[in-house]
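The figures that follow rest on heavy atoms only: side chains count, while hydrogens, waters and symmetry mates do not. Since this is a predicted model, take the numbers as computed values, not measurements.
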Amino acid sequence: MRASHSQFVVLLVLAACGLWFSSAASAAMQPLDESWQYRWGDSPVLADGTPAWLFEDAPDQWHDIGFPSNPPGRDGRDYAWFRVTLPEGNWFHPVLYVYSVDIIVQVWFRGERLYQYGTFEGEGRGAFEGWPWHEIQLPDDYEGETLYFRVFSDYTDIGLWGEVAITEPPDLTLYILSQSAEDLIVSALSALIAGLALVFACIQRGQKSLATVALFSSLVAVMLLAESQASLLLLYRPLFWDYLAAASYYLIPVALTLLLAQWLGKQRSGLIRGLMWFHLAYAVGAVVGALGGLVALSSTFPVFDAVLVVSLLLIAMVAVRQFSGLYREQQILLLACGGFVALLILDMAVAHGFLPWGRVPVSWGALGFSLAVIGISVWHFGRTQRALHQLTARLEQKVRERTARAEALAAREVARGRLLALESKKSQKFADVIAALQDCAGIEEAFEGLLRAMPELYLPIAGGFYRRGQNGRYECQTQWGEARAGAFPLALGQGLSGITETVLPVRSDELPLQLYFFLRVESGHSGPEPEGVLALERPELPDELKDYGSLRVIGWVHQSVEKIGITLSGLALRAELQKFSYEDSLTGLKNRRHFDELFRHEREVSVRSERSLSLLIFDIDHFKRFNDCHGHEAGDQALRRVGKLLGACFRGSDTVCRYGGEEFAVLMPGASLEEARYRAEQLRGAIAAERIEHRGEHLGYLTISAGIACWPENCPAFEGLFRAADMALYEAKEAGRNRVVAATP
């Protein structure tokens with residue numbers, strides 16, 4: 001690394017100053033997280049070298065994607081195009097900020113190449129040239145135009161990565177410094193720890209652990225500096241910093257295993273030392289091979305991460321087995337190591353797309369591990385305790401001074417950080433609520449769970465929820481928080497008179513004391529009125545967050561109510577579709593489709609539990625003659641009367657279906673043949689005694705012929721149960737009708 005000491009000091013000062021304005025930097029970034037589309041493959045080239053896809057009108061070839069990274073269906077392809085429609089913005093010198101790209105990219109705007117990183121060879125391929133962040137100058141009149149990204153990657157990932165936003169150069173520099181401040185400060189502290197450990201290693205000759213601590217801390221310091229975005233402000237050599245980061249990253253397991261081998265002694269040290277030599281060989285081979293052109297540096301990272309996870313698991317197995325037999329200070333060391341390893345694994349999971357993108361504070365885990373090792377070493381070496389105490393006291397004094405300055409500068413961030421933490425917590429709770437609603441069997445069950453969850457979902461804002469009743473009035477179902485007197489009455493005005501729905505966008509200086517969000521549930525029977533109303537008091541936020549925070553809170557509430565409405569609408573529509581699919585519209589009984597599915601289900605249950613299953617099939621006698629004589633409308637009335645009588649003659653566990661026309665079927669799980677015969681006779685008598693009337697005219701009486709069969713009592717083969725009952729029905733008709741006949745074995 002060729003950066004001078006003065007340059008590094010200046011960078012640290014700028015990074016500390018970046019903490020002053022981190023809130024402003026975040027506010028001055030316009031994220032591009034909408035309207036992205038992707039297309040696999042590479043564009044053919046026109047005669048002048050311009051890609052043809054820039055002028056093609058092929059909307060069916062472009063697909064929507066939430067973020068331009070790793071589209072579905074890669075199947076080994078190395079080329080992908082992304083495009084986005086640039087939003088409106090008020091920028092003086094607009095630039096596009098991209099956190100990283102895998103691995104080389106061209107940016108096209110209005111048919112001209114606006115930016116390129118990496119070298120595209122004749123076939124469109126290119127070599128890995130590092131993972132820098134990108135600052136792409138945009139024209140002043142970019143609004144509404146389409147920006148194209150041509151990406152080549154033979155790496156495991158393809159596309160843009162991390163963050164994409166529009167900003168201005170000063171704000172971008174400030175943002176980079178604020179995001180890198182933590183890594184730079186921890187890097188400086190780790191370098192200081194490495195220097196102190198090296199000094200005491202020279203004083204205490206023969207104490208190899210201090211020298212190993214110096215090695216570990218120096219590797220951490222170099223890795224954090226090389227991986228920080230601010231390193232490119234020192235020296236814009238992306239590939240140089242990536243090589244430096246890879247070398248230090250690959251050597252960290254070497255220092256870690258060497259240190260653990262020294263602390264754990266001879267027990268299991270053979271395995272740990274073997275891992276140390278393996279990682280040392282890998283680090284040398286990967287870096288030398290990449291420098292020699294044998295492999296791409298980018299391809300060495302996934303292999304190393306997989307090997308590192310296995311190595312960490314082996315180390316953990318050794319450490320856990322010996323944990324109880326170690327000294328207290330050694331246990332503390334292993335716990336600190338565990339914290340660092342956990343953060344390292346989280347960082348790897350984010351890097352490989354197993355977890356959503358975010359900044360994992362690996363630096364603090366490394367710093368905590370280094371401080372733990374230093375503390376234990378100082379405790380062991382009593383002759384240097386006083387000197388180390390003095391150095392630590394001076395270091396703590398500097399940390400306190402810096403902390404005091406940072407707290408004074410970052411006071412504005414405290415309230416914002418609390419708001420974001422609360423928002424994150426509420427978002428997680430809301431995700432759980434939506435998942436629970438989607439698992440509900442019906443909309444009423446969903447409302448019960450929703451009412452229980454609402455207080456936890458919207459506190460600390462006081463509020464209440466109103467639901468529309470049968471009379472059209474909206475009555476309060478639940479309340480929470482400390483509200484003003486009379487803020488939430490027992491019912492809202494008829495037709496929601498005097499209530500204004502809160503819609504987006506809103507202005508923080510025009511917010512009323514009471515906010516109302518309408519919950520709309522769309523279904524086949526829904527009208528224009530909302531199903532419910534969420535009433536909230538105006539959120540009270542600190543002055544420094546009143547404008548920004550109020551808009552975020554109200555936007556989140558509005559989005560949550562809309563998503564709840566969509567989820568409940570899905571439940572309502574699902575219930576209606578299921579009802580239409582399995583119900584006979586004339587009699588209200590289950591239809592033949594439901595019977596066939598239930599028959600298969602009950603067959604499996606009966607065979608598995610060895611429980612009997614009886615089946616009744618019956619026809620209305622001479623029903624065609626009845627229809628011909630009295631008309632189909634009277635016939636429908638007769639069928640409805642039979643359907644009502646069926647419900648009174650059978651158990652709740654029995655299933656009654658209209659099998660087709662005037663034919664009905666009843667499944668009786670657990671019923672014996674005798675019980676089935678009794679219920680069939682009871683039904684036959686009830687129907688024979690039922691007087692059929694239509695439009696005030698007496699049409700006479702109906703009779704039925706029924707066949708019953710029971711598995712396994714008189715039908716040993718389950719496959720023949722339906723046929724046996726049907727044959728018994730045929731025998732009842734042949735024997736003169738108006739009777740019940742049981743199947744014969």
Side-chain angles (χ1 to χ4, degrees), residues 584 586-592 594-595 599 612-711 713-715 720-745:
D584 176 48
L586 177 63
T587 62
L589 302 176
K590 300 300 182 183
N591 58 20
R592 179 170 182 170
H594 179 78
F595 175 84
F599 186 73
S612 61
L613 178 65
S614 294
L615 173 63
L616 163 66
I617 302 177
F618 72 89
D619 274 352
I620 301 176
D621 294 333
H622 304 298
F623 189 70
K624 183 177 185 305
R625 185 188 307 167
F626 184 91
N627 266 342
D628 294 341
C629 181
H630 301 292
H632 288 285
E633 186 176 348
D636 291 345
Q637 176 66 18
L639 289 174
R640 282 192 287 268
R641 295 298 303 164
V642 171
K644 291 183 179 179
L645 290 174
L646 281 167
C649 295
F650 293 94
R651 306 169 300 175
S653 59
D654 299 336
T655 302
V656 182
C657 303
R658 182 186 177 191
Y659 200 71
E662 69 274 18
E663 186 175 6
F664 297 81
V666 183
L667 272 178
M668 294 174 278
S672 64
L673 181 64
E674 188 60 33
E675 184 177 358
R677 185 195 302 274
Y678 170 76
R679 296 193 179 279
E681 289 288 354
Q682 186 181 25
L683 173 66
R684 186 188 64 79
I687 292 177
E690 180 71 14
R691 179 173 176 169
I692 305 299
E693 293 183 355
H694 180 61
R695 295 182 177 177
E697 180 183 356
H698 174 51
L699 304 181
Y701 299 89
L702 297 176
T703 61
I704 64 171
S705 299
I708 57 174
C710 178
W711 177 88
E713 190 171 344
N714 70 336
C715 184
L721 181 62
F722 191 90
R723 179 183 294 274
D726 192 52
M727 291 296 296
L729 170 62
Y730 179 77
E731 292 177 12
K733 291 181 178 180
E734 290 292 318
R737 304 181 185 270
N738 191 19
R739 67 193 62 221
V740 177
V741 174
T744 56

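- The CG atom of Leu729 sits 9.0 Å away from atom CG of Leu616, with the distance rounded to the nearest 0.5 Å.
- Taking CZ of Phe664 as the start and CG of Leu639 as the end, the distance is 5.0 Å to the nearest 0.5 Å.
- Taken to the nearest 0.5 Å, the CG atom of Asp619 stands 9.5 Å off from the CD1 atom of Ile704.
- Within the 3.5 Å criterion, the main-chain N or O of Gly661 finds a donor-acceptor partner in the side chain of Arg658.
- Between Thr655 and His594 the shortest side-chain heavy-atom distance falls below 4.5 Å.
- Tyr659 places none of its side-chain heavy atoms less than 4.5 Å from the side chain of Ile617.
- Rounding to the nearest 0.5 Å places CG of Leu646 at 6.0 Å from CG of Leu589.
- Phe618 is not listed as a side-chain neighbour of Val740, based on a closest heavy-atom distance of 4.5 Å or more.
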Residues Gln637, Glu633; criterion side-chain contact (heavy atoms from CB on, under 4.5 Å); working and verdict: CA-CA 6 Å; Gln637 176 66 18; Glu633 186 176 348; over 6 Å; no
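- Gln682 CD to Arg677 CZ: the interatomic distance, rounded to the nearest 0.5 Å, is 15.0 Å.
- With hydrogens and angles ignored, the 3.5 Å screen pairs a side-chain donor or acceptor of Glu713 with a backbone N or O of Leu673.
- At a threshold of 4.5 Å between non-hydrogen side-chain atoms, the residues Glu681 and Ile708 do not count as touching.
- In this structure, Leu699 and Ala634 approach most closely via the heavy-atom pair CD1-CB, 3.7 Å.
- The pair Lys624-Asp628 meets the salt-bridge criterion, with a side-chain N (NZ, NE, NH1 or NH2) lying under 4.0 Å from an Asp/Glu carboxylate O.
- Closest non-hydrogen pair, Ala743 versus Ala728, comes out as N-CB, 3.8 Å.
- Between Glu690 and Arg641 there is a side-chain heavy-atom pair separated by less than 4.5 Å.
- Judged by distance alone, the side chain of Thr703 and the main-chain N or O of Ala688 form no donor-acceptor pair under 3.5 Å.
- Distance NE2/His630 to CZ/Arg625: 10.5 Å, rounded to 0.5 Å.
- Applying the 6.0 Å contact sphere to OH of Tyr701 captures more than 12 heavy atoms from other residues, nucleotides or ligands.
- More than 12 heavy atoms of other residues, nucleotides or ligands shown are found within 6.0 angstrom of CZ on Arg737.
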Run Phe626 and Ile692 through side-chain contact (heavy atoms from CB on, under 4.5 Å) and show every step you take. CA-CA 11 Å; Phe626 184 91; Ile692 305 299; 4.1 Å; yes
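- Ser614 places a side-chain N or O within donor-acceptor distance of the main-chain N or O of Ala671, the cut-off being under 3.5 Å.
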Chi angles and distances behind the side-chain hydrogen bond (donor to acceptor under 3.5 Å, both in side chains) call for Asp621, Ser705: CA-CA 6 Å; Asp621 294 333; Ser705 299; 2.6 Å; yes
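- Side-chain contact check for Leu667 versus Leu615: some heavy-atom pair is nearer than 4.5 Å.
- Other residues, nucleotides and ligands contribute over 12 non-hydrogen atoms within 6.0 Å of the CZ atom of Phe623.
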